[in-house]
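Quick note: residue numbers are just sequence positions, from 1.
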Amino acid sequence: MSFFPNYPIQRPTRLRNSPTLRSLVQETRLSVHDLILPIFVREEGPKKAISSMPGHFQHNLLSLKEEIHEIYQLGIRTVMLFGIPAHKDNHGTSNLHDEGIAAQAIRQIKNQFPGLCVISDLCLCDYSDHGHCFVLDTPSQRFLNEDTLHYLSKASVVHARAGADLIAPSGMVDGMIAAIRSSLDESGYTQIPTLSYAAKYASAFYGPFREAAECQPSFGNRRSYQMDPANSREAMKEMSLDISEGADMLMVKPAGLYLDIIQQARKAFSVPIAAYQVSGEYAMMHAAAQNGWLDLKDAALESLTAIQRAGADMILTYFAKDFARWNS
């Protein structure tokens with residue numbers, strides 16, 4: 001008989017008594033198959049460490065072979081490819097032909113491991129000399145939406161022809177899904193799906209990525225086309241528009257600070273939802289761990305679990321290789 005008659009009959013801690021019990025009742029289970037690894041490939045020069053992203057590199061085509069072999073051995077089956085060309089101009093012309101760095105890298109990966117899923121990040125910023133996601137009217141520095149759609153349409157076919165399994169436009173360009181879908185279909189790539197960066201916020205957490213992809217804007221910022229971090233209803237509108245244009249999957253970026261957006265998207269739409277744990281999220285956990293302020297593994301796993309718990313079906317993360325090793 002209890003000395004405390006009002007003590008609750010239900011005692012939740014009973015199910016936390018051992019690792020086996022905790023595992024048995026665990027509600028969210030993260031697997032390496034839920035993760036997508038971003039990879040950067042440069043057209044010229046040696047493999048280069050990315051100073052703000054420990055453990056990550058700008059690969060050349062030679063080191064890419066070694067990286068892909070390691071990735072495959074770790075059980076990672078999906079990568080997101082970012083190309084870094086030797087030549088950049090206003091119209092991103094280096095990405096519009098079959099010998100561009102992105103197309104070369106896609107072909108090489110698919111020849112090496114045909115079963116590896118290659119997602120092609122499709123945006124002008126990596127290939128432009130001004131670092132913005134739109135073609136510019138150079139005298140006025142005005143963003144040209146329709147010219148950018150023409151660029152995305154052509155580049156999507158180049159990447160599909162190289163063997164990309166999925167096209168992921170990330171520039172927040174109005175009408176980008178409709179333009180890409182039309183171009184892919186007309187070119188015979190009706191089975192290539194699109195993953196739209198439909199809710200991409202103008203975040204302060206992209207800094208390390210801009211070093212990695214060499215796409216720092218040469219003037220201004222991206223707030224006139226990426227979303228205001230204060231807005232959530234607008235994200236639902238953007239996602240709905242992209243689905244109506246034919247998007248097969250949707251992306252929320254960043255992930256960690258936008259769990260509410262992920263959850264809203266999961267409830268509102270039936271398509272798969274991806275979330276991008278961005279470079280700044282990765283870098284700040286590393287920095288805190290290096291200072292002894294937190295345990296890197298525990299922090300990374302907690303963050304990834306939270307993203308999946310919010311409703312993400314897949315997560316782009318720079319921790320993908322770490323996660324695979326931690327769970328091997």
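- Residues Ala247 and Val271 come closest through the heavy atom pair O-CG1, 4.5 Å.
- No side-chain heavy atom of Tyr276 sits less than 4.5 Å from a side-chain heavy atom of Thr317.
- With no hydrogens or angles considered, no side-chain donor-acceptor pair links Asp129 and His87 at under 3.5 Å.
- A donor-acceptor pair under 3.5 Å links the side-chain atoms of Glu281 to the main chain of Val278, judged by distance alone.
- Here OG of Ser31 is found 12.5 Å from CE of Met314. Values are rounded to the nearest 0.5 Å.
- Side-chain atoms of Ser328 come within 3.5 Å of backbone atoms of Arg325 as a donor-acceptor pair (strictly under, hydrogens ignored).
- The line from CD1 of Ile262 to CD1 of Ile273 is 9.0 Å long, rounded to the nearest 0.5 Å.
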Which donor-acceptor pairs under 3.5 Å do the side chains of residues 292-302 make with protein atoms, sequence neighbours left out?
unit_1	atom_1	unit_2	atom_2	d
Asp295	OD2	Lys297	N	3.3
Asp295	OD2	Asp298	N	2.9

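- Side chain of Gln216 to backbone of Arg210: no donor-acceptor contact under 3.5 angstrom is found.
- The side-chain heavy atoms of Arg107 and Asp98, taken from C-beta on, include a pair separated by under 4.5 Å.
- In this structure the side chain of Ser224 reaches within 4.5 angstrom of the side chain of Phe143, judged on heavy atoms.
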CA sep, side-chain torsions, deciding dist, call: Phe209, Phe82, ring-ring contact (aromatic ring centres under 6.0 Å, His included): CA-CA 10 Å; Phe209 174 89; Phe82 298 89; 5.1 Å; yes
Walk me through it: do Arg181 and Asp248 pass the test salt bridge (Lys or Arg N to Asp or Glu O under 4.0 Å)? CA-CA 10 Å; Arg181 184 73 271 156; Asp248 300 286; 3.8 Å; yes
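- A distance-only check finds no donor-acceptor pair linking the side chain of Thr13 to the backbone of Arg16 [under 3.5 Å].
- Residue-environment remark: CZ (Arg14) exceeds the threshold of 12 foreign heavy atoms within 6.0 Å.
- To the nearest 0.5 Å, atom CD of residue Gln264 and atom CZ of residue Phe269 are 9.5 Å apart.
- Under 3.5 Å, the side chains of Ser170 and Asp121 contain a donor-acceptor pair of N or O atoms.
- Residues Thr148 and Asn145 bring no donor and acceptor atom of their side chains to less than 3.5 Å of each other.
- Considering Glu238, Gln226, Arg222, Met227 as possible partners of Lys200, the one that fulfils the side chain to side chain contact (heavy atoms under 4.5 Å, CB included) test is Gln226.
- At distances below 3.5 Å, not a single donor-acceptor pair connects side-chain atoms of Arg22 with backbone N or O atoms of Val25.
- For Arg223, the CZ atom sits in a loose shell: 12 or fewer heavy atoms of surrounding residues, nucleotides or ligands are nearer than 6.0 Å.
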Might you work through the side-chain contact (heavy atoms from CB on, under 4.5 Å) test for Asn327 and Phe323, ending with a clear yes or no? CA-CA 6 Å; Asn327 290 274; Phe323 181 92; 3.5 Å; yes
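- Between the CD1 atom of Ile50 and the OG atom of Ser279 there is a distance of 9.0 Å, given to the nearest 0.5 Å.
- The closest donor-acceptor contact from the side chain of Tyr151 to the backbone of Thr93 lies at 3.5 Å or more, if one exists at all.
- In the displayed structure, Lys88 atom NZ is contacted under 6.0 Å by more than 12 heavy atoms of other residues, nucleotides or ligands.
- Follow the hydrophobic side-chain contacts under 4.5 Å out from Ile101 and you never reach Val158; the two are in separate clusters.
- Between Tyr225 and His132, the side chains place a donor N or O and an acceptor N or O closer than 3.5 Å (distance only, hydrogens not considered).
- Between Val135 and Asn90, some side-chain heavy-atom pair lies under the 4.5 Å cut-off.
- Scanning both residues, Ile106 and Ala164, for their nearest heavy atoms gives CG2-N, 3.3 Å.
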Run the side-chain contact (heavy atoms from CB on, under 4.5 Å) check on Met249 and Leu166 step by step: do they pass? CA-CA 10 Å; Met249 304 158 71; Leu166 203 153; 3.5 Å; yes
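- One finds a salt bridge joining Asp165 and Lys110 here, because a Lys/Arg side-chain nitrogen approaches an Asp/Glu carboxylate oxygen to under 4.0 Å.
- Checking side-chain atoms of Glu43 against main-chain N and O of Pro85 turns up no donor-acceptor pair under 3.5 Å.
- Here the closest heavy-atom approach between residue Glu211 and residue Ser52 is recorded as OE1-OG, 2.5 Å.
- Proximity of Ile243 to Leu250: side-chain heavy atoms (C-beta onward) are separated by under 4.5 Å at one or more points.
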Show me, pair by pair, the donor-acceptor contacts under 3.5 angstrom made by side chains of residues 54-67, not counting sequence neighbours?
unit_1	atom_1	unit_2	atom_2	d
His56	NE2	Tyr318	O	2.8
Gln58	OE1	Arg42	NH1	3.3
Gln58	NE2	Ala212	O	2.9
Gln58	NE2	Glu214	OE2	3.1
His59	ND1	Ser63	OG	2.9
Asn60	OD1	Leu62	N	3.2
Asn60	OD1	Ser63	N	2.7
Asn60	OD1	Ser63	OG	3.1
Asn60	ND2	Gly45	O	3.3
Ser63	OG	Asn60	N	3.1
Ser63	OG	Asn60	O	3.3
Glu67	OE1	Lys321	NZ	3.1
Glu67	OE2	Lys321	NZ	3.2

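- Gln308 and Thr28 share no side-chain donor-acceptor pair at under 3.5 Å.
- Formation of a donor-acceptor pair under 3.5 Å by the Ser156 side chain with backbone atoms of Leu152 is found in this model.
- Gln26 CD: more than 12 foreign heavy atoms inside a 6.0 Å radius.
- Closest approach of Pro169 and Leu195 over heavy atoms only: CD-O, 3.4 Å.
- One hydrophobic cluster, built from ILVMFWY side chains closer than 4.5 Å, cannot hold both Leu149 and Leu241; they sit in different ones.
- Crowding of His69 atom NE2: a count of heavy atoms from other residues, nucleotides or ligands under 6.0 Å not exceeding 12.
- Nearest heavy atom pair, residue Ile261 against residue Ala199, reads CG2-CB, 4.5 Å.
- Side-chain contact between Tyr72 and Leu116 is present, with at least one heavy-atom pair separated by less than 4.5 Å.
- Considering only heavy atoms from C-beta on, Ile119 stays 4.5 Å or farther from Val79 through its side chain.
- In the hydrophobic clustering of ILVMFWY residues, with side-chain heavy atoms under 4.5 Å counting as a link, Leu74 and Ile36 come out apart.
- Between the Asp89 side chain and the Gly92 main chain, a donor and an acceptor come within less than 3.5 Å of each other.
- Cation-pi geometry between Lys253 and Tyr206 is satisfied (NZ or CZ under 6.0 Å from the ring centre, within 45° of the ring normal).
- The shortest heavy-atom contact between Ile180 and Leu122 is CD1-CD2, 3.9 Å.
- A donor-acceptor pair is defined here as one N or O able to donate and one able to accept, closer than 3.5 Å; no such pair exists between the side chain of Asn291 and the backbone of Ala288.
- In this structure, the side chains of Gln277 and Pro254 stay at 4.5 Å or more apart for every pair of heavy atoms.
- Both Ile177 and Met80 are members of a single hydrophobic cluster when ILVMFWY side chains are connected at heavy-atom separations under 4.5 Å.
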Would you check, one step at a time, whether the test side-chain contact (heavy atoms from CB on, under 4.5 Å) holds for Met285 with Ser303? CA-CA 10 Å; Met285 279 188 267; Ser303 176; 4.0 Å; yes
